[in-house]
Amino acid sequence: MASLLEANSVLSGLLASLASVVSKIGLEEGNATLKLLLCLSNDKCTENQELLLKVLQLLCLMLVGVCNVIMFVLFARALQKHSSTAQATVTVSTCNFIFSSVFGWALFGEALNLMWWCGFSLIVLGFVLIIYGQNNDKNKTL
């Protein structure tokens, strides 16, 4: 049961970050990523290639909607099954943050410098304190 709880939360976080990635690709000015994926030069595209880029942009935007719908369904399941809404929210947020940073680094070459790691550590520490504090409060009331 606990693994299913976490699976819903982790998948929800993954889909949230995937929606961001697909949105970034679909809305990118100049379509550099789509051109790179299609092995097109950045100089000039033929009319057919431009049409293909527009279709792919539209598909990316549609995929953002699909990812978000599935993400919300999984998040709602996680909210129902977790003992507290904060645990589900914190798990989804942490996973979203981690997956977004990995995708940003791997796909877009975004830097994860010391300042980023410090901020990330503080955010995760805050999440842990939220969950720990809630578990502590439960033990006190029992």
Side-chain angles (χ1 to χ4, degrees), residues 1-140:
M1 177 88 168
S3 63
L4 183 60
L5 299 176
E6 295 307 316
N8 285 330
S9 298
V10 171
L11 287 175
S12 181
L14 174 64
L15 285 167
S17 64
L18 280 176
S20 298
V21 168
V22 174
S23 175
K24 185 171 183 171
I25 291 171
L27 296 175
E28 183 179 38
E29 192 172 326
N31 300 321
T33 305
L34 286 175
K35 287 179 181 179
L36 180 66
L37 291 173
L38 295 173
C39 299
L40 301 175
S41 69
N42 285 332
D43 298 338
K44 283 198 169 194
C45 292
T46 66
E47 196 172 306
N48 289 339
Q49 291 170 334
E50 285 292 335
L51 179 63
L52 179 61
L53 286 172
K54 295 295 180 195
V55 169
L56 287 174
Q57 277 185 304
L58 181 62
L59 287 174
C60 284
L61 296 178
M62 290 170 61
L63 190 56
V64 169
V66 169
C67 284
N68 279 318
V69 167
I70 296 170
M71 181 265 305
F72 279 119
V73 168
L74 292 170
F75 182 57
R77 286 183 187 167
L79 287 172
Q80 289 173 345
K81 298 197 186 287
H82 272 282
S83 59
S84 76
T85 57
Q87 285 180 323
T89 304
V90 165
T91 305
V92 170
S93 298
T94 302
C95 290
N96 183 5
F97 192 79
I98 291 168
F99 286 125
S100 293
S101 62
V102 169
F103 288 140
W105 171 77
L107 299 175
F108 302 108
E110 294 176 1
L112 304 178
N113 57 23
L114 180 62
M115 182 70 81
W116 184 92
W117 283 105
C118 289
F120 173 75
S121 300
L122 290 173
I123 289 170
V124 170
L125 177 65
F127 289 155
V128 168
L129 290 174
I130 289 171
I131 290 175
Y132 178 74
Q134 285 207 334
N135 287 341
N136 243 1
D137 289 345
K138 275 187 199 174
N139 293 338
K140 286 179 184 175

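Heavy-atom neighbours of Trp116 CH2 from other residues, nucleotides or ligands within 6.0 Å: above the threshold of 12.
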Give every donor-acceptor pair under 3.5 Å between a side-chain atom in residues 52-69 and any protein atom, sequence neighbours left out.
| unit_1 | atom_1 | unit_2 | atom_2 | d |
| --- | --- | --- | --- | --- |
| Gln57 | NE2 | Gly26 | O | 2.9 |
| Gln57 | NE2 | Asn31 | OD1 | 2.9 |
| Asn68 | ND2 | Val64 | O | 3.1 |

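Between Val92 and Ser12, the closest heavy-atom pair is CG1-OG, 3.8 Å. Nearest heavy-atom pair across Trp117 and Leu112 is NE1-O, 3.1 Å. Of all heavy-atom pairs spanning Gly13 and Phe99, the tightest one is C-CD1, 4.1 Å.
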* Taking it one step at a time, do Phe127 and Thr91 satisfy side chain to side chain contact (heavy atoms under 4.5 Å, CB included)? -> CA-CA 8 Å; Phe127 289 155; Thr91 305; over 6 Å; no
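Between atom OG of residue Ser9 and atom NZ of residue Lys81 there is a gap of 11.5 Å, rounded to the nearest 0.5 Å. Put simply, CE on Met71 and CG on Asn96 are 8.0 Å apart, with the number rounded to the nearest 0.5 Å. Note that CD of Glu28 and CZ of Phe108 are 7.0 Å apart. Values are rounded to the nearest 0.5 Å. Atom-to-atom distance recorded for Ile123:CD1 and Ser93:OG is 10.0 Å, nearest 0.5 angstrom. Atom CG of Leu11 and atom CG of Leu18 lie 10.0 Å apart (nearest 0.5 Å). Here CZ of Phe103 is found 5.0 Å from CG of Leu14. Values are rounded to the nearest 0.5 Å.
Residues Thr89 and Leu79 have side chains in contact (heavy-atom distance under 4.5 Å, counting atoms from C-beta outward). When side chains are defined from C-beta on, Leu74 counts as touching Arg77, because their heavy atoms get closer than 4.5 Å.
Between the side chain of Ser101 and the backbone N or O of Ile98 there is at least one donor-acceptor pair closer than 3.5 Å.
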